[in-house]
Amino acid sequence: MLVLKQELTDASDGLATSSENHRTINQLRCSQTKNISRIVRQKNFATLQEFHGVVGVADALGTDLEKGVSEDVLHLKQELTRNLAPTRSFFHLVWEEVKKKTVLFYFVVAVLSIVFESKEKGLENGWIDGVAMLVAIVLQVLFTSIRIYWKEQMARKKLQEQQSVEGGVKEICVIRGGESNDICESELVCGDLVLLKIGCQVPADGLFVDGEDLELDYGSELYTVNAQKPFLSYGGRVINGNARMIVTSENMMMRKATCDPNTRSELETHLHKLNTCMHYIRILVGFLIVIVLFLRYEAGKIDDENVNRQRLVAEPIKIVMKILSVSLVALTEGVAFVVTLAILYRNHQMLSAKAPEQDPFCISKMAAVTKICTDMFGEFTEEATQAEVKACRECGIEIIIASSEKLTVLKDNALQHGLITSDDPQSLLLRGEDFRKYTDKERLQNINKIRVLGEAFSSDKLLLVETLRENGDVVVFLGQRTDEAPALMGADIGIAMGRRSFSEIISLVYAGKSFQLNIQSFLQPVLILTISGSLITFIQTALWGDASLTIVQSLWVNFAVLFLGGLALLTNTSPEKPVSLVPKPCKRSLVNAQMITNILVQVSYQVTSLMVIQTKGSGVVGSNQCMKTVISNIFVICQFFNLFNARELQKKNFFRFIHRQKEFWLAITAFIVLHVSFVVVQDIFGHGAKLNWKLWAGCVLVGLFSWLIDWLGKCISWFIINNFVNRFCST
């Protein structure tokens, strides 16, 4: 730390003129600020002295102890806050998406399709595929723009509400440029000199500079601050004394203002990785198809009399468009957009009019919770027994009491509610002071044993949360005191309890885990559609030089699985879903082993059955045009029946509780009506053959057979796991 301080001093002395040098100084100060903030939170007086005390801290933060924070540093910090706050309009986001290289590439492909297909088929029919591609591009842009705009507006709304409730009414007296100024709490920056008087609340973590000894109320006890004990924690109330302090950590309002709305949650990260992987696979398959078509032409497998140069160029473009259009709608933004809508719907169901916190991804984050930190002296004391503590442990969740109350009192309550037992050597009960004195290594070694943290300051609670997250835990912090704001902000999920009961928090955990299962159920038919569609298109192109699915049909089946499938599978709120089926909290991929098995079974069935029908069924089906219609119709119907299969990823009875899910039946009914209408309209406009009732019955029968395939696949999977995998693992 002394080295960093010297680097900062050298930079400030020699490079203080240009804006680039200002940024260099600011980066060094940011690095120093993190070290200083940690020293203050841990109340490490020895390390503070190594830093040359308050004078060294002020120097590192660019603060004059007489005149306050310098104008240059203040300007840079305020500029950073403004740059990170969401300010973009919806049309600006749309324009940003349009300028992306992939979108421009898709646009060029669509235009080329319209040109070549119009020359080949005439303008009357040649525009259809290209326009369908343009529709896909527009939807891609809109999906992305709407999702980002919604997140930014939520972040802005949250900040404005907090500022109006907290920052708008709290005024803080600071010294800037040698003059005393009253500012809103949201305007406070790291390095500010704050004047503390009787009745003031400490606005942020900091250090005592000079003045009278301060007597602070932190809830359970009084705490004295002076030159020998200079550490101040956020939230303490001054009940005696007047003094000056220097702010060493960001104010709560500043943290909210600088929160980047584009930061992805754990769920969004998983979806993004999955989308990116499948998107590149689609593009690879598309280019392989182009290569196969040219090789077929060179080998003479395409009749030269039926192929001219325009068709030779147009055919690969058309096939690649089929691949890319599916990728556009289903795998780039469609899945994320539909899941976001489902999260809003579930949040409205669970949190309407009583939301304990404003995080729009609260429900989805609850699925991965491993630790709940709470103050025993809130609603938890009266409500929890409740059986609820045991239920948390069965889900892999441990409860930690973090309170300012005396450790002896907390121990009695923890024993009463079953959080600890008298003969459990693994349970660790600590005072905040002892926890602060741990080294970083010792804290990580003991963090899984801690069950009670007593006599803790707000900085101790924040340190507990940060250590848990560093250990890989997903942390919920339940707070109801003003000085718990840092811990609420530092946790993965911060919930201001108010009048909420602990049972409501348990309900949110169950809802989050249930919703994670819904997402996995939704992803299964999406991935089956994507993989089977790619393989069928590739095989048909390689063997026969053409594919059955048109671009319009590809768009339709993807919309059906995305939106109607999302309505059917993401809205399942069945409370009877056993907890034993809920996966233990982890940060692994959303696609688990059982899903992979189900996907492989269904993809194999679809590819095999459709290829057999195309090679052996011409005598029954009839013309080539009719064969294409039958193949595409069976493909869509298979996706329809897979929505039923996806209701249960492991169990064989996917009809369980199906009669209670109104949304599922609504989606299924809409799927049937819209698909029949699509086939009829397609026939009217001459883009498909008319199917008689026998062919319709055959198509439905092939799709219905996927239920039996799903049942057999799960039986085989169960047999292998129980007779081979479990035995091997036990051995």
Side-chain angles (χ1 to χ4, degrees), residues 274 277-293 296 319-320 322-327 330-331 523-551 553-558 560-561 565 591 593-618 620-621 624 626-646 675 695 698-717:
L274 183 63
C277 179
M278 296 304 296
H279 181 61
Y280 285 124
I281 291 175
R282 281 283 193 177
I283 293 177
L284 176 62
V285 172
F287 282 108
L288 286 176
I289 288 175
V290 173
I291 294 173
V292 168
L293 284 173
R296 281 175 53 83
I319 300 298
V320 173
K322 293 177 183 178
I323 299 297
L324 295 183
S325 63
V326 174
S327 179
L331 290 176
L523 288 177
Q524 179 171 297
V526 170
L527 293 174
I528 291 173
L529 166 67
T530 302
I531 298 172
S532 62
S534 298
L535 287 176
I536 291 169
T537 302
F538 177 77
I539 293 172
Q540 286 183 321
T541 305
L543 296 179
W544 295 285
D546 197 5
S548 298
L549 281 177
T550 66
I551 292 180
Q553 290 169 339
S554 298
L555 289 176
W556 153 240
V557 69
N558 275 275
V561 173
V591 182
Q594 185 61 52
M595 289 176 64
I596 293 174
T597 301
N598 297 340
I599 290 169
L600 291 177
V601 167
Q602 290 298 327
V603 168
S604 300
Y605 169 69
Q606 290 184 23
V607 173
T608 303
S609 61
L610 291 179
M611 293 305 99
V612 169
I613 291 172
Q614 181 147 359
T615 54
K616 303 295 184 180
S618 57
V620 177
V621 175
N624 183 55
C626 189
M627 176 64 76
K628 286 186 175 181
T629 304
V630 168
I631 294 294
S632 61
N633 197 35
I634 292 175
F635 181 73
V636 175
I637 292 175
C638 283
Q639 315 316 317
F640 168 81
F641 285 107
N642 267 323
L643 297 182
F644 289 85
N645 296 333
H675 179 59
L695 290 178
C699 292
V700 173
L701 185 62
V702 174
L704 188 62
F705 201 72
S706 66
W707 286 359
L708 177 60
I709 297 298
D710 178 75
W711 184 84
L712 290 174
K714 289 175 180 175
C715 287
I716 295 172
S717 176

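Since this is a predicted model, take the numbers as computed values, not measurements.
Residues Ile637 and Gly703 come closest through the heavy atom pair CG2-CA, 4.1 Å. Leu643 and Gly565 make their closest contact through CD2-CA, 3.9 Å (heavy atoms, listed as atom of the first residue, atom of the second, distance).
With contacts defined as side-chain heavy-atom distances shorter than 4.5 Å, the pair Leu695/Cys626 qualifies. Here the side chains of Ser532 and Gln639 are in contact, with some heavy-atom distance below 4.5 Å.
Under the side chain to side chain donor-acceptor pair (under 3.5 Å) criterion, Ser717 pairs with Gln594, sequence neighbours left out. In this structure Leu704 satisfies the side-chain contact (heavy atoms from CB on, under 4.5 Å) test together with Phe641, Trp707, sequence neighbours excluded. Listed by chain and residue number, Val591, Leu600 satisfy the side-chain contact (heavy atoms from CB on, under 4.5 Å) test with Ile596 (two or more places apart in sequence, or in another chain). Evaluation of the side chain to side chain donor-acceptor pair (under 3.5 Å) rule for Asn645 yields Asn642 as partners, not counting sequence neighbours.
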**Audit row: Ile528, Asn598, side-chain contact (heavy atoms from CB on, under 4.5 Å) steps and yes/no** = CA-CA 9 Å; Ile528 291 173; Asn598 297 340; 5.7 Å; no

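Between the NZ atom in Lys628 and the CH2 atom in Trp544 there is a gap of 12.0 Å [rounded to 0.5 Å]. With rounding to the nearest 0.5 Å, the separation of SG in Cys699 from CD1 in Ile634 is 4.5 Å.
A donor-acceptor contact shorter than 3.5 Å is absent between the side chain of Asn633 and the backbone of Thr629.
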Result block: side-chain N/O donor-acceptor pairs under 3.5 angstrom for residues 608-617, not counting sequence neighbours:
residue : atom : partner : partner atom : Å
Thr608  : OG1  : Ser604  : O            : 2.7
Ser609  : OG   : Tyr605  : O            : 2.8
Ser609  : OG   : Gln606  : O            : 3.2
Gln614  : OE1  : Gln540  : NE2          : 2.6
Thr615  : OG1  : Met611  : O            : 2.9
Thr615  : OG1  : Val612  : O            : 3.2

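For residues 704-716, the pairs satisfying salt bridge (charged side-chain N to carboxylate O under 4.0 Å, His left out) are Asp710-Lys714, with sequence neighbours left out.
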